[in-house]
S.K.: 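Below is a structure I'd like to ask you about.
These numbers come from the heavy atoms of this one structure, side chains and all, not from hydrogens, waters or symmetry mates.
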Protein chains: 2
Amino acid sequence: MRTRWLDDAELDAWVRFIAVVELLPGVLDTQLRRDSDLTHFEYYVLAMLSEAPDRTLRMTHLAARTNATLARLSHVVSRLEARGLVRRTPCPEDGRATNASLTEDGWAAVVAAAPGHVETVRSHVFDALRPEQVDQLREIATALLTKLDPEGRMTTPYRRPRAGAAR
Amino acid sequence: MRTRWLDDAELDAWVRFIAVVELLPGVLDTQLRRDSDLTHFEYYVLAMLSEAPDRTLRMTHLAARTNATLARLSHVVSRLEARGLVRRTPCPEDGRATNASLTEDGWAAVVAAAPGHVETVRSHVFDALRPEQVDQLREIATALLTKLDPEGRMTTPYRRPRAGAAR
DNA sequence: CCTATTTACTTGTAGTGTCAAGTAAATGCT
DNA sequence: AGCATTTACTTGACACTACAAGTAAATAGG
């Protein structure tokens, strides 16, 4: 089957988009590490827990919400647990499952980290976009996720939290 | 200064966009690793060299084009050199600088890897987007790069290559 | 021209992510 | 009920990236 190469418009979009994908994580990690001693992924894990009922989620669900593999999450939760930010407890309903919960220190860490993180997101992302571009970005991301995440693991309808992701 | 929190539309866009940013590299890496024994970053390095005059670029320029730090690039080039895909030569004009060039094997590797890679990009990204969304994505990415890459290191005007990035 | 600074890397170490394998509990089949 | 399979993790080894420090050549200042 012949390759369907990219045309000029697609290629131009792709080169820039890839650059964004390469650069954005570094920007987020650098700020969070400097100000809060957290990686962006660690922050995101804490933030997702902070929004969950009882600040608790099963590892599988937490992995889905953070777009991570279980293996990656397990390692990260181990580290966060060692730092006292998260606690693991066996799930009563299912003997195979583990619940991860935010500790008080963990809660304090997200609350402390959130403003600086949100400011970074705003200044590096949303300040550059017009309101209609925010909508376009949402639609484009939604479209891409149907291909990148066909099972729609993380496509849980969004509920507004009291703190977290970028509240 | 009070935190400028994200509104609902921004938050929704952000959660999905972050998911894309987390998932896309994995998709690209998995395909390239499986079919061509290359990471996406390694592929991109080879692709950028394949488009350069003489298939050669100074490390600093190659780093700029691949959105990487010099340290990261240096490690990767060492590995590619060990595999015979790239060759390092001291730059005649500047004693501090190093030129990286694609070898014949390196060229063969990009040419072999390109169709599968492009097919992945097409099926996971562009097939999900309408033509106007491709333009929107390009404009959004361009806008974000002004914040993420203020020096405009990688914003070199694009020339169509004979093979490479996603030709 | 001689020294200070900047530029262009390279390298070692330490932290993170991936992959493969392993464990244990729940589910499905007959 | 009993065995096979699937699910839900955990763990260890290895690969890759980031950060910090080091080297060497070019440039800039006095």
S.K.: Taking the minimum atom-to-atom distance to the side chain of B/S74, which one of D/dT10, C/dT10, C/dC9 wins?
M.R.: C/dT10
S.K.: Quick one: is A/T98 getting a side-chain N or O under 4.0 Å of the D/dT10 phosphate, OP1 or OP2?
M.R.: yes
S.K.: Check this for me, if you would: do B/E104 and B/R55 make a salt bridge, where the nitrogen-to-carboxylate-oxygen distance has to be below 4.0 angstrom?
M.R.: yes
S.K.: Given atom CG of B/L32 and atom P of C/dC19, what is their separation to the nearest angstrom?
M.R.: 13 Å
S.K.: What's the closest nucleotide to the side chain of B/D94 if the choices are C/dC9, D/dA26, D/dA20?
M.R.: D/dA26
S.K.: Are B/R72 and A/E22 ion-paired here, with the side-chain N under 4.0 Å from a carboxylate O?
M.R.: yes
S.K.: Taking atom P of D/dC16 as reference, at what distance in whole Å does atom OH of B/Y43 sit?
M.R.: 18 Å
S.K.: For B/M59 and D/dA25, what is the distance between atoms CE and C1' respectively, to the nearest whole Å?
M.R.: 16 Å
S.K.: Find the distance B/N99:CG to D/dA25:C1' and express it as a whole number of Å.
M.R.: 15 Å
S.K.: Rounded to whole angstroms, how far apart are CZ on B/R72 and C1' on C/dT16?
M.R.: 13 Å
S.K.: B/R96 side chain N/O closer than 4.0 Å to the phosphate oxygens (OP1, OP2) of D/dA26?
M.R.: no
S.K.: Parallel, tilted or perpendicular: which describes the rings of A/H40 and B/W14, with under 30° parallel and over 60° perpendicular?
M.R.: perpendicular
S.K.: Which nucleotide, C/dA8, D/dT11, C/dT11, lies nearest any side-chain atom of B/A97?
M.R.: C/dA8
S.K.: From the set C/dT18, C/dA8, D/dA18, return the single nucleotide nearest to any side-chain atom of B/T69.
M.R.: D/dA18
S.K.: Is the shortest side-chain N/O distance from A/R33 to OP1 or OP2 of C/dT16 below 4.0 Å?
M.R.: yes
S.K.: Determine whether a donor-acceptor pair (N or O, by modelled atom type, separation under 3.5 Å) exists between the side chain of A/S36 and the backbone of A/R33.
M.R.: no
S.K.: Which nucleotide in the set C/dT11, D/dC16, C/dT16 lies at the smallest distance from any side-chain heavy atom of B/A71?
M.R.: C/dT11
S.K.: Do any side-chain nitrogens or oxygens of B/R79 fall under 4.0 Å of OP1 or OP2 in D/dC16?
M.R.: yes
S.K.: Check this one for me: any side-chain N or O of B/R88 less than 4.0 Å away from OP1 or OP2 of C/dT10?
M.R.: yes
S.K.: Using modelled atom types only, decide if a donor and an acceptor are shared between the side chain of B/T30 and the backbone of B/G26 within a distance under 3.5 Å.
M.R.: yes
S.K.: Check the distance between D/dG12's C1' and A/L70's CG and give it to me in whole angstrom.
M.R.: 16 Å
S.K.: Under 4.0 Å between any heavy atoms, over every strand shown, what does B/D29 touch: base, sugar-phosphate, or nothing? Just pick one.
M.R.: nothing
